[in-house]
Trainee: 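One structure is given below, represented as structure tokens, and several questions about it will come after.
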2 protein chains.
Amino acid sequence: MRIILIFLFEFFYYTLIMGKSSKQILSEHNVSITNPRILVLEVLLDNKGPVTVDELQNVLNNKVAKSTLYRVLNDLKKINLLHEFTSPENTTVVELILEDRAHHHHLFCSDCGEVIDVELSNKFEDFLAAEIKKIEKKFNFKISDHRVEMFGQCTDQCKNCTTDS
Amino acid sequence: MRIILIFLFEFFYYTLIMGKSSKQILSEHNVSITNPRILVLEVLLDNKGPVTVDELQNVLNNKVAKSTLYRVLNDLKKINLLHEFTSPENTTVVELILEDRAHHHHLFCSDCGEVIDVELSNKFEDFLAAEIKKIEKKFNFKISDHRVEMFGQCTDQCKNCTTDS
DNA sequence: AGCATAAATGAGAATAATTCTCATTTTTTT
DNA sequence: AAAAAAATGAGAATTATTCTCATTTATGCT
């Protein structure tokens, strides 16, 4: 009985409160469950939102070899769990693609290098979708994705711009 | 008299038909006029639009040392003549910023790697400007620039997608 | 025009980010 | 629990970019 309760607790905790565990996510995508993958995924799940490869390397220092870190990131890209992009300062930024997260864009601070997720209004997204249809016709393209990038400076003390508002 | 006519021809040819010459552009920005700078600028003026650093290197092979090419590109960035960005395949792309060119965005083909300049409607740009104002307030940011990136595949034979339509 | 000074260049070494290699370890399959 | 397959760590290799420094080129001055 006690074991059942613990199991239930884990179930609720991970799936409802915390979201999926790294192990769950890995097994759902048919990739073998290994320590480096769990560790990397956990860091990414903690910092939902954009993370620098450099930051990952620092956090995982001594726990995951750097070659393995890159391999794991490529694995996650292959199963469409990870989105990778480059900041204007040329640092590689990485972000989990979670089903429950809305489509969003990025705001880059040239002072502190911070990258912030930004959602734009539905009305705007509809308008952009219409523009994209026109572009597809004009250039005979099949456009599968888009992203709006905004560049500027946070006027607050840096690092404060990450706190939600 | 003949000399004056030739001068006039040159003037009209370069400023009205061809746009400014590389030398003119350089002297207007107070950078010394050197061969490598002229050569790089000329290639960029020919291919108005996005060019890969790789392509530049190939075209200028043996004419400009690779260290110099990078230096010249950095010089042009410093005087705000050059916009540099990264394709999803992680190649560095470079594009002249010409006063007579409209604000535009980029369309990337994942098949042939081509990058295409795209203008979106004024109505769309106005809408986006309004969204950006909201974002500036929300995140206490000063946003100085933005770019819409579109990703997909040209359904034509590759390389054809560069021809205007 | 010609000289002195400052700036730019070429060639290749140095650096940084990412990928690759391969012997060992871990995970999965049976 | 053993065999087969896959993943890992450590460091070498690769690639793009920057740096160094001796030489060349451009600019300002007379």
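Here is how names work: the chains are called A, B, and so on, in the same order as the sequence lines, proteins then strands, and each is numbered from 1.
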Trainee: Once you apply a heavy-atom cut-off of 4.0 Å, does Asn74(A) come out as touching a base, just sugar-phosphate, or nothing?
Mentor: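 Sugar-phosphate only.
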Trainee: Less than 4.0 angstrom between a side-chain N/O of Thr34(B) and OP1 or OP2 of dA7(C), yes or no?
Mentor: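 Negative; the distance criterion is not met.
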Trainee: Taking the minimum atom-to-atom distance to the side chain of Ser67(B), which one of dT18(C), dC19(D), dA13(C) wins?
Mentor: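 Nearest listed nucleotide: dC19(D).
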Trainee: State whether Ser32(A) places a side-chain N or O below 4.0 Å from either non-bridging phosphate oxygen (OP1 or OP2) of dA7(D).
Mentor: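 Yes, Ser32(A) has a side-chain N/O under 4.0 Å of OP1/OP2 on dA7(D).
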Trainee: Are any of Thr92(A)'s side-chain N or O atoms less than 4.0 Å away from OP1 or OP2 of dA17(C)?
Mentor: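 No.
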Trainee: On DNA chain D, nearest-nucleotide positions of Tyr70(B) versus Leu69(A): which is more 5'?
Mentor: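 The residue mapped nearer the 5' terminus is Leu69(A).
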Trainee: Please figure out whether Val53(B) or Asp75(A) has its closest DNA chain D nucleotide nearer the 5' end.
Mentor: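 Per heavy-atom nearest nucleotide, the more 5' residue is Asp75(A).
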Trainee: Ile33(A) has an atom CD1; how far is it from atom C1' of dT8(D), in whole Å?
Mentor: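 About 17 Å, once rounded to whole Å.
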Trainee: Parallel under 30°, tilted from 30 to 60°, perpendicular over 60°: which one fits the rings of Phe108(B) and Phe151(B)?
Mentor: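 Taking Phe151(B) first and then Phe108(B), their aromatic rings lie parallel (interplane angle under 30°).
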Trainee: For the pair made of CG in Leu39(A) and C1' in dG9(D), what is the distance, rounded to whole Å?
Mentor: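 Whole-Å distance recorded here is 14 Å.
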Trainee: By nearest atom, which of the nucleotides dG10(C), dA7(D), dT18(C) is closest to the Lys66(A) side chain?
Mentor: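 Nearest nucleotide to the side chain: dT18(C).
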Trainee: Using a heavy-atom cut-off of under 4.0 Å over every strand shown, decide if Arg37(A) touches base, sugar-phosphate, or nothing.
Mentor: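 Arg37(A): backbone/sugar contact only, no base atoms under 4.0 Å.
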Trainee: Using heavy atoms to find the nearest nucleotide of DNA chain C for Asn90(B) and Pro36(B) separately, return the residue whose nucleotide is more 5′.
Mentor: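 In this pair, the answer is Pro36(B).
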Trainee: Using the test ring-ring contact (aromatic ring centres under 6.0 Å, His included), find all partners of Tyr70(B) that sit at least two apart in sequence or belong to another chain.
Mentor: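 With sequence neighbours excluded, Tyr70(B) shows a ring-ring contact (aromatic ring centres under 6.0 Å, His included) to no residue whatsoever.
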Trainee: dA8(C) C1' sits how many Å from Leu76(B) CG, rounded?
Mentor: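 Atom-to-atom, Leu76(B) to dA8(C), this comes out as 14 Å.
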Trainee: Below 30° counts as parallel, above 60° as perpendicular, anything between as tilted: where do the rings of His106(B) and Phe85(B) land?
Mentor: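 Correct class here is parallel.
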Trainee: I'd like to check Val148(A) versus Met150(A) (side-chain heavy atoms, cut-off strictly below 4.5 Å). Are they in contact?
Mentor: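 Heavy-atom side-chain distance check passes, below 4.5 Å.
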Trainee: Tell me what Thr68(A) touches on the nucleic acid: a base, only sugar-phosphate, or nothing, going by heavy atoms under 4.0 Å.
Mentor: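 The residue Thr68(A) makes base contact.
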